[in-house]
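The residues of the chain are indexed from 1 along the displayed sequence.
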Amino acid sequence: MVQAEFPHRLIDSHVHFWDPSQVYVPWLSSAPHFNERRDAEKYVEALPQGVEVHKAVYVETDVEPTQGLVEAEWIARYAQQLKMDSRFGGIGGIVAYAPVNIGEPVRHYLRVLTQLIPKDRHLRGVRYLVQDPDQNPARISSPTFIQGVKTLREFGLSFDLNFNCHVAPEQFTHSIELVRQCPEVSFILDHMGKPPCDCQPGDEAFSFWRENIIAIGKLPNISCKVSGLVTETNVVTAQQLAPFVKVALEAFGIDRLMYGGDWPVVENSAALGRWLDVISEIVADWSDEDKDKLFYRNAQRIYRLDL
């Protein structure tokens, strides 16, 4: 592959911050290496020298559901307090938790959420995780779930779709149906659907993921984050992950892909700087225009960021 250089400008479309003293995040108790305040200061420390992140999109952190609005209020307040500098230009967008699984009554939650964080304070979308392999995958395409997601349109919010093809591939087909049934909602696929990144082209698991990501990419109302790949493999190299990025480019085209760092969850497998090394090497032979779309322009457009 061509010698890699870090992007000259960057929007990180997938970042998590948390503060256990402010918001209850249950899974942190079983992840002691994460069970501490993770904020913008530590994020900047994790960035390689010379990398400047103009804006980041904050994505909800799987809090206890009764804490969803607590998290939203905390991150909106924190975003306002952040001191921006040349290395980090602050939070440009917020993807908050919302219980779309309850169907049409989610509008009451969304009404309060949008009052708590109006659009001029960065609210851009919501997420409700569907990656749990112990849950029935058919719930993703159930009439109730579909109606809950359709309600987002009334509030001008997108939906971050996070399922796990690696561990629960049956979630993929139901997710495709969800996107198909909600044509007026803008979807963002997190982490390329979590592909089986230990595989290679020709393997059955790779072929299943490829077939389904091509299928979901044919739907015009979904974009895709190139993120979260290093936590799906023990081999964190450009050679290992390049085939997956190549398929994502085939599925979505250059105008519907955007880079995400997935900090600090990325640290379960590699440092944030290592992931930037790998993705920069994978796309080193792309045109400057296409790299700028991946690392900057697409996230700005898709998340409607004010820069």
Test item: Y58 and E71 side chains (from C-beta on) under 4.5 Å apart, heavy atoms: yes
Side-chain ion pair, E5 and K291, N-O less than 4.0 Å: no
Nearest non-hydrogen partners of P243 and P201, listed with the distance: CB-CG, 3.8 Å
Heavy-atom neighbours of Q115 CD exceed 12 at 6.0 Å: yes
T151 side chain to Q147 backbone, donor-acceptor under 3.5 Å: yes
Passing option when H166 is tested against H191, Q131, E232 for side-chain hydrogen bond (donor to acceptor under 3.5 Å, both in side chains): E232
Plane angle bin for H14 and H16 - parallel if under 30°, tilted between 30 and 60°, otherwise perpendicular: perpendicular
Parallel, tilted or perpendicular: ring planes of W209 versus F244, cut at 30 and 60 degrees: tilted
Side-chain touch L69/Y109, heavy atoms, less than 4.5 angstrom: yes
Enclosure of E154 CD (heavy-atom neighbours >12, cutoff 6.0 Å): yes
R127 side chain vs V59 backbone, donor-acceptor pair below 3.5 Å: no
Criterion side-chain contact (heavy atoms from CB on, under 4.5 Å) on Y24 and V70, from CA distance to verdict: CA-CA 9 Å; Y24 178 45; V70 177; over 6 Å; no
Same apolar cluster: V265 and V226, side chain cutoff 4.5 Å: no
Donor-acceptor contact below 3.5 Å, side chain Q200 vs main chain Q240: yes
C197 and L241: CA distance, side-chain angles, deciding distance, side-chain contact (heavy atoms from CB on, under 4.5 Å) verdict: CA-CA 7 Å; C197 291; L241 297 176; 3.7 Å; yes
Shortest non-hydrogen separation from I176 to L219 and the atoms involved: O-CD1, 3.8 Å
D12 (side chain) donor-acceptor with A56 (main chain) under 3.5 angstrom: no
Contact check, side chains of R139 and N101, non-hydrogen atoms, under 4.5 Å: no
W18 and its ring-ring contact (aromatic ring centres under 6.0 Å, His included) partner, picked from W74, W263, Y78, W27: W27
Side chain R256, main chain G217, donor-acceptor under 3.5 Å: yes
Check against side-chain contact (heavy atoms from CB on, under 4.5 Å), R87 and E45: CA-CA 10 Å; R87 297 222 56 204; E45 290 174 0; over 6 Å; no
Residues, nucleotides or ligands: over 12 heavy atoms within 6.0 Å of R297 CZ: yes
Separation between CG of L305 and CD1 of I91, rounded to the nearest 0.5 Å: 11.5 Å
Heavy-atom check, side chain of L129 versus side chain of E60, under 4.5 Å: yes
Nearest heavy-atom neighbours spanning N221 and P183: ND2-CA, 3.6 Å
Nearest heavy-atom neighbours spanning G156 and R304: O-NH2, 3.4 Å
Close side-chain approach of L229 and P195, heavy atoms under 4.5 Å: yes
Stepwise side-chain contact (heavy atoms from CB on, under 4.5 Å) test for V112 and H108: CA-CA 7 Å; V112 176; H108 309 309; over 6 Å; no
Taking every non-hydrogen atom, the tightest pair across L249 and L257: CA-CD1, 3.7 Å
Check ion pair R124-D306 (N to O, under 4.0 angstrom): yes
Side-chain (K42) to main-chain (R37) donor-acceptor, under 3.5 angstrom: yes
Flag, side chain of E184 to backbone of K150, donor-acceptor distance under 3.5 Å: no
D85, CG: over 12 other non-hydrogen atoms inside 6.0 angstrom: yes
Closest contact, heavy atoms only, G89 versus M84: O-SD, 2.8 Å
Pair Y128 and F159, ring centroids less than 6.0 Å apart: no
Minimum side-chain heavy-atom gap P133-N164 below 4.5 Å: no
Check: S13 side chain, Y259 main-chain N or O, donor-acceptor pair, under 3.5 Å: yes
Hphob cluster co-occupancy, F6 + V44, side-chain heavy atoms under 4.5 angstrom: yes
Atom pair CD/CD1 of E250 and I213 - distance to nearest 0.5 Å: 10.0 Å
Cationic N near anionic O, under 4.0 Å, R180 to E177: yes
Donor-acceptor under 3.5 Å (E281 side chain, A238 main chain): no
4.5 Å side-chain heavy-atom contact, R38 and E267: yes
Backbone of R111 reached by a side-chain donor or acceptor of T114 within 3.5 Å: yes
Evaluation steps, side-chain hydrogen bond (donor to acceptor under 3.5 Å, both in side chains), between S287 and E289: CA-CA 5 Å; S287 70; E289 180 180 7; 5.2 Å; no
Minimum side-chain heavy-atom gap M258-I188 below 4.5 Å: yes
Under-4.0 Å salt bridge between D262 and K225: no
F17 and Y43 aromatic ring geometry - parallel, tilted or perpendicular at 30°/60° bounds: perpendicular
